[in-house]
Amino acid sequence: MITLPYLSISQVINPAISPDLMISTGAGTYTNVKNTGIYMAKCPDCPMKIVIAMCWDGDNPGISTYVPTTPTTGVLEVLPLPAGSNDPDIVIGPSGEKGMVVFENGPGVYYMGFDNIIGGGNLHWSGLSGVLTSDGNHPNIDKPYDCEESFPEEIAVVYKDNSSGHDLYYRLGTLSTNFGQANPVTLTAGSRHYVADRIHPDINYIKNIWTGKEELNIVAVGEDAFIPGNFAIDVFIENLMPPMSPVFASSFAVFSPFDNIRPRIDGLGLGADLNYFVASGINSGVIHGYESSWGTISGGLTGDNEMPAIATTGDYHDVIWSTTHISGNFDVIGRGVFYAPVTFDAYFKEVNDAGSMGWPDKLYPSISGNCGFDWEYAMCWWGTDDNIHFKIANAQANPQYIVQNPTGLPETISKQSAEIVIAKDEVLIQKNDYVVYNTLGQRIGTYEALNIKQGLLLLKPGMYVVSAKNKETQKTNTQKIVVY
């Protein structure tokens, strides 16, 4: 049974206040792209504290790393993938020194490692490479992320293997070694059983020191083993160490053709309906699912809405996708989702800056999250101007994709890292006076400027609401903050 308990119809669309960037300004540089990928990692010694890796296919497939030095400038490097490479996906480790890309080429599926120096400037192939299968497709890769980069090396990949069982397989590995043995993905999701011929997998690798979880969440489209011809989106869990997250209460029925039904998954394993989340394009709309329910996150938008991507940042996540609702051309739009309870934001957010709305069409977007520290999201997409476009942005404290959180504080913070966070945004924090409330609306404390650090250190783990009043503009911004 499909229920829609958190469907929110709204057509409020807020413009982005963050600039679009491009891999290249040359016309016709990247033609016929059909897939992109992006991954953002922490880089404590980099100017903006993050590093980004991107990938794409088309006539000139490649990868890129980007180390921003300001919100609009940075160190950008590009490496070509082997000619004919298709459907790539990518991860990069903390500080940007090691990364891995997986891709199709001919009938096979391959992986290649790359290295760089902190801050960028020496991107090169590491020499680590191999074959995942000689006959397969649709690889996706992920690495565990628990907001603290506790597992800098581990990675996992999923792919369709047409030469061995004609179904989905996963492998574990590290950024420094070859992948281990191929393992078949379970065919069951609770009481639901599927035929061994699933398609369009994506993977979420959970390894969370706070909840003790270690598991792979793999979403795919599959055929019911007991009712031939019935297809659905479902999540399959490979439990590497108990406890295991619950499976979805229900699958989502889909109908052929399946070309544009490519579900995406992300999550941090936080427990209580907050372990992993799914987004997929369906019949000119975009659906969103979690363990208890499914809903239509594109509700209220007309036209075509397709090819979504999803990323978490602390206890909040965003789904972005291409839509014709705004201009008639395809533009990228996003919507945020809060966890407790699972609720769609009451507004949509334009991803593209105002000057680029309309032509060119913006297709195949990807997004990566950063758990509320520094920059929350990195996004990329392909334009019919034959370029790869990308941006970094914050979102949670503002109903728009912005270049800086106006409160100066992240959405999720470890008490141990409070001093580092305060130092990073010290200039902005100096301009604000803060009031902290609990979830019952009771005032916990009032702090002037940098004294908020002492306030954070005194808070017990839990969720709070912070009001920040800018002493120069007299504008007040309010956000939630999770302390652990």
Side-chain angles (χ1 to χ4, degrees), residues 14 16-19 40 42-50 68-74 147-149 313-316 318 336 338-340 345 349 369-378 391-484:
N14 296 314
I17 310 177
S18 51
M40 177 168 56
K42 298 183 187 302
C43 183
D45 296 320
C46 294
M48 304 291 290
K49 309 301 180 185
I50 58 168
T69 53
T70 74
T72 58
T73 61
C147 298
E148 295 290 346
E149 295 282 17
T313 169
D315 63 346
Y316 189 93
D318 271 49
F338 179 49
Y339 286 12
D345 282 343
K349 298 172 287 191
N370 190 33
C371 220
F373 294 107
D374 308 301
W375 293 93
E376 293 165 348
Y377 292 116
K391 75 189 323 170
I392 56 176
N394 287 313
Q396 298 177 19
N398 194 292
Q400 297 159 303
Y401 290 116
I402 60 175
V403 296
Q404 190 171 36
N405 186 332
T407 70
L409 301 175
E411 291 286 310
T412 308
I413 188 168
S414 161
K415 292 172 72 169
Q416 288 80 5
S417 67
E419 188 167 352
I420 297 173
V421 173
I422 296 299
K424 175 179 70 67
D425 283 331
E426 186 172 301
V427 174
L428 177 59
I429 290 171
Q430 286 275 25
K431 299 178 181 179
N432 287 320
D433 287 333
Y434 297 89
V435 183
V436 180
Y437 302 88
N438 63 21
T439 54
L440 298 176
Q442 300 167 325
R443 180 180 295 194
I444 302 298
T446 301
Y447 307 97
E448 182 179 357
L450 293 176
N451 290 332
I452 186 63
K453 180 177 72 172
Q454 281 68 42
L456 294 173
L457 293 173
L458 291 172
L459 293 176
K460 296 179 179 179
M463 185 180 299
Y464 300 87
V465 175
V466 178
S467 174
K469 184 175 182 179
N470 188 294
K471 290 178 284 190
E472 295 177 358
T473 66
Q474 298 300 302
K475 182 179 179 181
T476 298
N477 292 282
T478 302
Q479 71 165 83
K480 62 180 177 62
I481 187 168
V482 176
V483 178
Y484 62 95

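Side-chain atoms are counted along with the backbone in the values below, which use heavy atoms only and exclude waters and symmetry mates.
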Self-check item: Closest approach of Tyr447 to Asn451 (non-hydrogen atoms, all atoms of both residues)
Solution: CD2-O, 3.6 Å
Quiz item: When rounded to the nearest 0.5 angstrom, what is the spacing between CE in Met40 and CD1 in Ile50?
Solution: 5.0 Å
Quiz item: So, does Lys49 use its side chain to make a donor-acceptor pair with the main chain of Cys43 at under 3.5 Å?
Solution: no
Quiz item: Looking at Asn432, Thr446, Ile429, which one forms a side-chain contact (heavy atoms from CB on, under 4.5 Å) with Ile452?
Solution: Ile429
Quiz prompt | Test side chain to side chain contact (heavy atoms under 4.5 Å, CB included) applied to Pro47 - qualifying residues, sequence neighbours left out | solution = Val67, Thr69
Quiz prompt | Separation between CD1 of Ile392 and CE of Met48, rounded to the nearest 0.5 Å | solution = 5.0 Å
Quiz item: Under the side-chain contact (heavy atoms from CB on, under 4.5 Å) criterion, do Asp318 and Glu376 qualify, and how do the steps go?
Solution: CA-CA 10 Å; Asp318 271 49; Glu376 293 165 348; over 6 Å; no
Practice problem: For Asn14, check side chain to side chain contact (heavy atoms under 4.5 Å, CB included) against everything at least two apart and list the hits. | Solution: Val12, Tyr347, Pro399, Gln400
Exercise. Please test Asp345 against Tyr316 for side-chain contact (heavy atoms from CB on, under 4.5 Å), starting from the C-alpha separation and ending with a verdict.
Key: CA-CA 10 Å; Asp345 282 343; Tyr316 189 93; 2.3 Å; yes
Quiz item: How long is the span from the NZ atom in Lys460 to the CG atom in Asn438, to the nearest 0.5 Å?
Solution: 11.5 Å
